[in-house]
2 protein chains.
Amino acid sequence: MSHMDYARLMAVDRDHVLRSAAALLTRKSTATMDEVAKSAGISRATLHRQFAGRDALVRALEALGIAECEAALDAARPDEGPASDAVRRLVRELESAAALLAFLYTENQLFEGGAQNPGWTRIDERVADLFKRGQAAGEFRIDLTPAWLTEALYGLLGSGAWAVSEGRVASRDFTFMITELLLGGALRHPARPREES
Amino acid sequence: MSHMDYARLMAVDRDHVLRSAAALLTRKSTATMDEVAKSAGISRATLHRQFAGRDALVRALEALGIAECEAALDAARPDEGPASDAVRRLVRELESAAALLAFLYTENQLFEGGAQNPGWTRIDERVADLFKRGQAAGEFRIDLTPAWLTEALYGLLGSGAWAVSEGRVASRDFTFMITELLLGGALRHPARPREES
DNA sequence: CCGTAATGAGACAAAAATGTCTCACATGGA
DNA sequence: TCCATGTGAGACATTTTTGTCTCATTACGG
């Protein structure tokens with residue numbers, strides 16, 4: 001096995017371990033390293049070889065979450081076309097990372113040591129900028145701040161991921177539910193064609 | 001000190017401890033009993049006298065959360081007047097319990113032992129019934145299920161509590177932000193008087 | 001002033017989790 | 001086949017957390 005192949009395989013395993021860990025820790029935040037290892041189908045020794053400890057594991061999860069958010073933002077082209085369409089694209093791109101984000105969102109341990117990872121700041125900015133753009137274009141209402149809309153998006157992503165995992169809503173409705181509630185709200189709006197009977 | 005007075009004072013202390021614990025555990029889900037005790041300003045011994053262990057503490061938090069939700073639902077009179085007004089009342093009543101709910105919402109450890117507390121089922125039903133009523137009255141759109149609206153409400157409550165605690169939004173805007181986003185969404189709706197310039 | 005009762009501080013052992021190590025085994029390339 | 005490398009299983013000591021205990025102190029009512 002060459003060095004390159006070795007590095008690639010390690011990366012694949014590492015990603016799988018991280019996703020399993022995220023899925024488990026989202027359900028049980030106090031899970032032990034042994035439980036994390038078992039959930040990923042590996043031994044505690046191997047887990048410990050890849051991540052020095054629980055802290056390193058959480059940091060790696062954070063890095064993965066940041067990377068996925070950045071990738072989703074890039075793929076969603078937040079600066080193109082109507083802001084509402086960009087929001088829809090963004091939610092769709094974030095769907096696969098929603099469970100991971102739900103975990104990281106509640107893992108405030110992350111910036112306990114002073115300041116949070118600057119990656120989140122940047123992501124928050126990019127999302128908030130999208131809402132700002134929508135407000136400037138007259139698409140979005142201006143009495144809800146971009147910061148709040150950003151937080152609300154995170155919260156709804158978490159709720160959506162949770163609702164899907166609990167079987168309360170169908171998986172394929174994920175994007176629809178979140179974007180429709182975030183953009184249109186629960187009220188009927190007769191003036192909008194979408195809600196016309 | 002009479003028995004009655006004693007019982008009353010214990011209840012007060014107990015409530016304070018529970019709220020401190022909720023505030024801490026929301027920020028750091030892996031906090032130890034010692035940290036919980038310190039955050040409540042009591043010794044570990046006293047904490048252990050009131051709650052046999054970590055599990056008992058979490059159960060007590062759950063019971064408190066259920067009681068607060070039931071009380072909020074009662075106070076909000078979900079069956080009176082327009083459903084949207086009832087939602088506003090409900091969010092306002094739930095504000096003080098939002099941090100606690102945010103913790104319990106992510107503490108899936110609660111129904112790990114088989115089934116979740118029936119109290120939550122009942123609360124979910126009451127909230128969902130409110131949204132159903134709004135749909136039946138033509139107030140709410142019918143393409144978002146009551147179950148999803150209920151989950152979304154929980155998620156937004158959590159995001160709101162978080163945003164306020166982080167200073168991202170003003171505390172007095174809590175109810176407004178949540179109800180406006182939940183009911184009206186981010187889009188401008190020219191037909192609605194509220195958004196007319 | 002005197003008891004009652006709860007508390008805080010701390011000692012202590014038991015339990016749980018962690019970090020580190022060895023070793024046998026399997027896998028895949030040379 | 002032989003070797004290199006990663007892995008799982010498990011032993012082991014260390015650390016952390018927990019549960020239980022005692023005892024001095026404080027607060028409050030009689």
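Quick note on labels: first sequence line is chain A, next is B, and so on, each numbered from 1. These numbers were taken from a predicted model, which means no experiment stands behind them. Side-chain atoms are counted along with the backbone in the values below, which use heavy atoms only and exclude waters and symmetry mates.
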Atom [atom1] of [X] to atom [atom2] of [N]: distance rounded to whole Å?
X	N	atom1	atom2	result
B:Glu35	D:dT17	CD	P	7 Å
B:Leu47	D:dC21	CG	P	17 Å
A:Met33	C:dT20	CE	P	11 Å
B:Asp34	D:dG19	CG	P	13 Å
B:Arg14	C:dA6	CZ	P	15 Å
B:His48	D:dT22	NE2	P	15 Å
A:Arg54	C:dG19	CZ	P	10 Å
B:Arg44	D:dT20	CZ	C1'	9 Å

Checklist entry - Of the candidate nucleotides D:dA9, C:dT18, C:dA9, which contains the atom at the shortest distance from the side chain of A:Thr32? => result C:dT18
Checklist entry - Just to confirm, is there a sub-4.0 Å distance from OP1 or OP2 of C:dG8 to any side-chain nitrogen or oxygen of B:Thr46? => result yes
Item to check | Stepwise side chain to side chain contact (heavy atoms under 4.5 Å, CB included) test for A:Leu187 and B:Ser84 | outcome: CA-CA 8 Å; A:Leu187 289 177; B:Ser84 57; 4.1 Å; yes
Checklist entry - Is the closest basic N to carboxylate O distance between B:Lys132 and B:Asp129 below 4.0 Å? => result yes
Checklist entry - When you match B:Ile42 and A:Ala52 each to their closest nucleotide on DNA chain C, which lands nearer the 5' end? => result B:Ile42
Next on the checklist: Between B:Ser159 and A:Glu151, do the side chains contain a donor N or O and an acceptor N or O under 3.5 Å apart?
Outcome noted: no
Item to check | Distance-minimising heavy-atom pair for A:Phe103 and A:Leu25 | outcome: CE1-CB, 3.4 Å
